[in-house]
Structures are given as C-alpha cells and as structure tokens.
Number of protein chains: 2
Amino acid sequence: MIELAILGLLREQDLHGYELRRRISDLAGLKPAVSFGALYPALGRLEAAGAVKAVESATETAPTLPLTGSLAGEAAAFLARRRGARIGPGRSGRARKVYGITDQGEQLLVELLDDPSTDERTFSLKVAFCRYLMPQRRLELFERRRADLAGRLAGERTSRRTVGDRLDLYLRSLREHDNQTIQHDIAWLDGLISNERAALSGAADLEEDTTS
Amino acid sequence: MIELAILGLLREQDLHGYELRRRISDLAGLKPAVSFGALYPALGRLEAAGAVKAVESATETAPTLPLTGSLAGEAAAFLARRRGARIGPGRSGRARKVYGITDQGEQLLVELLDDPSTDERTFSLKVAFCRYLMPQRRLELFERRRADLAGRLAGERTSRRTVGDRLDLYLRSLREHDNQTIQHDIAWLDGLISNERAALSGAADLEEDTTS
DNA sequence: GTCATCATGTAAGCCGTTACATGATTGC
DNA sequence: GCAATCATGTAACGGCTTACATGATGAC
C-alpha cells in the first residue's frame with residue numbers, strides 16, 4: 001500500500017523521503033499522514049528490490065520546482081533548493097537522500113495497480129495513479145470496484161430484513177447513510193466507466209480508420 | 001476496535017464467538033469479516049479484564065431468539081437451540097461458549113464510545129452503539145466528527161490550489177468525489193446533531209416544567 | 001540560545017490476518 | 001463415509017504507529 005504511493009509519486013518526479021511523506025498525506029486526504037517508521041523502511045525495501053534508487057543530482061530534483069502546494073511546502077522547497085545546491089558533492093552531516101524510480105519500479109507500479117485485491121483504502125490510491133495503467137486495465141479496475149460495491153448493496157438487502165422495523169434509530173440512520181454513500185460511489189464509478197468505454201471505442205474507431 | 005464491537009453486541013444479548021463474528025461482519029457492511037484469530041483472543045482479554053464472562057445458560061441465550069438475520073443465521077440459530085438444550089449441563093467435547101457482558105464491561109463500553117480518537121473505521125461502530133451513551137456525550141461524538149470532516153475539507157482547499165489546472169484527470173475526479181462524500185457525511189451529521197439538540201432541549205423543557 | 005522545521009533512521013509494540021489444529025453434527 | 005457447517009482455539013507473520021536517537025539550519 002505504501003509502496004504503491006511511493007512508486008506512484010516517484011513516477012512523476014524524483015523526491016526524498018520527507019517530501020514523499022507530505023505528498024502521500026494530502027494525496028487522498030489521508031488523515032493522520034503516513035509515519036516515517038513506515039516510510040523509510042519501505043524505501044529501503046524498494047531500493048533493495050531495485051524498484052527505486054538514490055539519485056545524486058540535487059540539481060535535477062529542485063530546479064524548476066513546480067510548486068509543491070502548501071505554504072510550508074513552498075518554504076521547504078526553497079530551502080531545499082539552496083541547501084541542495086550547496087550539499088551536492090562532498091556533503092557533511094545528515095543530508096537529503098533523493099530517490100528516483102527505475103524501470104523495474106515502473107513495472108512493479110503497474111503490477112500493484114493491476115492486483116485485484118479489493119481493499120477500501122487502496123482503491124483511492126489506485127485511482128490516483130491509474131493514469132499509468134493501460135486503458136483496458138483501468139476500465140477493469142473501475143468495473144471490479146463497481147461490482148464489489150454493488151455486491152455489498154445486495155448483501156445488505158437480503159440480510160437483516162427480518163428484523164426490519166424494530167431496529168435502533170441510530171443503527172437505521174447509519175445503514176441508510178452507508179447505502180447512500182455506496183450508491184453515490186457507484187454513480188461516480190459509472191461516470192468513470194462510461195468515459196473509459198468512450199475513450200476505448202474512440203481509439204478503436206481511429207484504429208479502424210487507419211486500418212481501412 | 002474489536003472490543004467495542006464485542007461489548008456493543010453483548011450489551012444487547014448474550015452470544016458465543018461464532019455468532020459474534022457474523023454479527024460484527026454485517027454491522028456496518030464490514031467487508032472481509034473479522035477473523036477468529038482476532039476475535040477469540042479479544043474475548044479472552046475481555047474475560048480476563050472482567051468485562052465479559054461465560055454464562056452457563058443455554059436456555060437464556062436461545063429461547064425467544066429474535067431472528068438473527070440471514071438465512072444461514074436462522075438455520076444456525078435453530079440448530080443452536082436444539083443442541084444448546086441438549087448440551088446444557090454435562091456436555092461432551094467441543095461446545096459453544098456463550099458470553100455475557102458484566103457491569104464492568106458496560107462501563108468499559110461507554111469509555112470506548114467516549115474516547116475521542118478520531119478513527120475512520122471506528123466511528124461507524126460508535127454510531128452503531130451510541131444509544132448506550134448519555135445524550136450529551138452522543139452529541140459531542142457527532143460534533144467532534146463533524147469538526148474533523150470540516151477540517152479536512154478546509155485543508156483540501158488551501159493546499160494544492162497553486163497547482164490548480166494542470167492536475168491529472170483521474171486525480172481531479174477523485175478529489176472532487178472525496179469532497180462530495182465528505183459534504184454528504186457532514187450533511188448527515190448535521191441531521192443527527194440537530195435531532196440530538198432538539199431532544200436535549202426537549203428534555204430540558206420537561207425538566208423546567210417539573211421544576212417550575 | 002532555544003525553538004521550530006527539515007531530515008533520516010531504528011526499536012518496540014499493537015492490532016490484525018492467514019494458516020494451522022481440533023473436533024462435533026448433519027445431510028447426502 | 002465424506003463434505004459442509006458449526007465451533008474454538010493457537011502460532012506465525014505483516015504492516016503500521018509510537019517513541020526514541022541523531023543532527024543540521026534558520027528565525028526570534
């Protein structure tokens with residue numbers, strides 16, 4: 001899960017651990033921010049597996065620097081630039097360690113995105129990086145999720161009906177709200193799915209045009 | 001978390017582990033069902049802490065039996081009744097172990113419900129059992145959650161605005177959907193909150209009537 | 001000179017899952 | 001007799017959090 005986030009972010013841009021943490025946190029409104037105790041070991045594992053590697057360039061990561069977001073982020077980036085330039089080669093003391101993704105890492109990212117383990121928390125992350133999937137796989141991702149939610153809705157209906165009326169007020173409200181949320185999610189997915197289908201058939205048409 | 005679910009369910013009715021598992025699973029549409037490897041040790045801990053205790057009565061748990069829900073549940077309950085009566089005293093081999101909640105357990109349940117640790121998954125459970133809270137505490141539970149969600153919404157707005165336009169399509173769709181979901185949650189909470197306030201002021205009015 | 005922030009890491013512990021072991025009962 | 005379901009437990013392992021250790025830098 002954390003590997004997915006790391007690879008997804010590094011796929012776009014080289015980053016060091018501290019900055020990765022911030023970006024992971026505001027990726028999907030992740031509440032309590034992933035901890036360093038999880039992040040650094042994960043980076044270590046990925047490096048050992050050859051999915052990421054430390055890159056030397058302080059000048060490659062920082063220069064154009066496309067605005068990190070929060071004010072704190074801006075300040076940090078500014079400082080990082082100044083320090084990064086100075087540290088470059090021949091550093092002293094504790095310095096930033098900038099990671100970049102490797103070809104193997106890109107492959108692993110796609111594998112993780114493709115893996116059909118239906119995990120509530122992971123799905124958001126997969127959507128966040130699904131642009132790195134082939135269109136067909138992306139569509140399947142959405143469809144799997146849709147089926148999963150639809151199934152939960154169906155399960156809800158059959159079970160518990162016998163109790164029906166004499167159910168606690170709060171419990172009833174909770175269930176109804178859950179159902180609404182799931183339906184909202186399904187509607188959203190339906191939008192994504194039809195977009196994907198349109199894109200796919202559009203591509204097919206193009207191909208047909210080219211072929212014919 | 002699992003303790004909360006156990007105590008909440010036992011508060012209403014004596015149950016054995018296997019049945020507890022089923023009920024926990026369809027409490028809030030919990031997806032992959034809590035595992036035995038978590039459930040039984042948790043029951044053990046709670047028993048050691050004096051929050052629950054094994055009850056002898058096969059006749060107390062089973063008799064009126066207010067319809068468990070799923071078809072499988074019904075069948076199980078039917079069988080349980082038959083077997084339970086037979087096993088009663090002088091059982092042989094592996095038998096059901098029915099647990100009941102103690103006064104200490106009820107106290108612990110309220111403490112767990114009151115504990116203001118803002119945990120996504122736990123909140124649903126707390127709502128499911130919030131009827132066991134004092135009205136004031138229940139209101140506070142809802143308000144804490146509301147504030148939490150509102151804060152997340154605000155955080156989303158300030159961050160990331162600088163990037164604005166040049167943001168991946170899927171990421172943008174995801175963010176928008178998340179925001180809508182949060183707003184939906186907030187609206188739901190607002191309903192619950194105003195209900196609680198009405199109930200509280202209604203009770204105050206009554207008291208005033210009695211006092212004056 | 002002290003505090004906040006940036007930055008990297010390690011160790012202990014929590015909470016859960018998966019897999020395993022055991023065994024009774026019922027239906028085919 | 002064999003598979004499925006009910007029923008209780010243990011052991012190994014996984015992934016993440018908390019807390020700790022270290023150290024540089026800049027702001028007040």
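Computed from a predicted structure; not experimentally measured. In what follows, chains carry the letters A, B, and so on, assigned in the order in which the sequence lines appear, proteins first and then strands, with residues in each chain numbered from 1.
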Taken to the nearest whole Å, CZ/A/R121 to P/C/dT17 is 12 Å

Considering only heavy side-chain atoms of B/F36, the closest of C/dT8, D/dT17, D/dG9 is D/dG9

note: B/R96, atom CZ; C/dT22, atom P; distance rounded to Å ~ 24 Å

Separation of C/dT8 atom C1' from A/Y18 atom OH, nearest Å, is 11 Å

Paired with B/L153, the side-chain contact (heavy atoms from CB on, under 4.5 Å) test is passed by just one of B/D178, B/D185, B/D148, B/I186, namely B/I186

In whole angstroms, the gap separating C1' of D/dG9 from CD of B/E47 amounts to 13 Å

side-chain contact (heavy atoms from CB on, under 4.5 Å) test vs B/S173 passes for just one of A/L192, A/V127, A/N195, namely A/L192

B/Y40 OH to C/dT17 P, in whole Å, measures 14 Å

note: B/L20, atom CG; D/dC6, atom C1'; distance rounded to Å ~ 14 Å

Between CG of A/L46 and P of C/dT8 the distance, given in whole Å, is 15 Å

Separation of C/dC14 atom C1' from B/M1 atom CE, nearest Å, is 14 Å

Check: Tell me, do B/V98 and B/L15 make a side-chain contact under 4.5 Å, heavy atoms counted?
Finding: no

Report which part of the nucleic acid A/G17 touches: base, sugar-phosphate, or nothing (heavy-atom distance under 4.0 Å, all strands).
sugar-phosphate

Walking DNA chain D from its 5' end, the first of A/R45 and B/Y99 to be reached, judged by nearest nucleotide, is B/Y99

Hey, do the aromatic rings of B/F129 and A/Y170 have their centres closer than 6.0 Å?
no

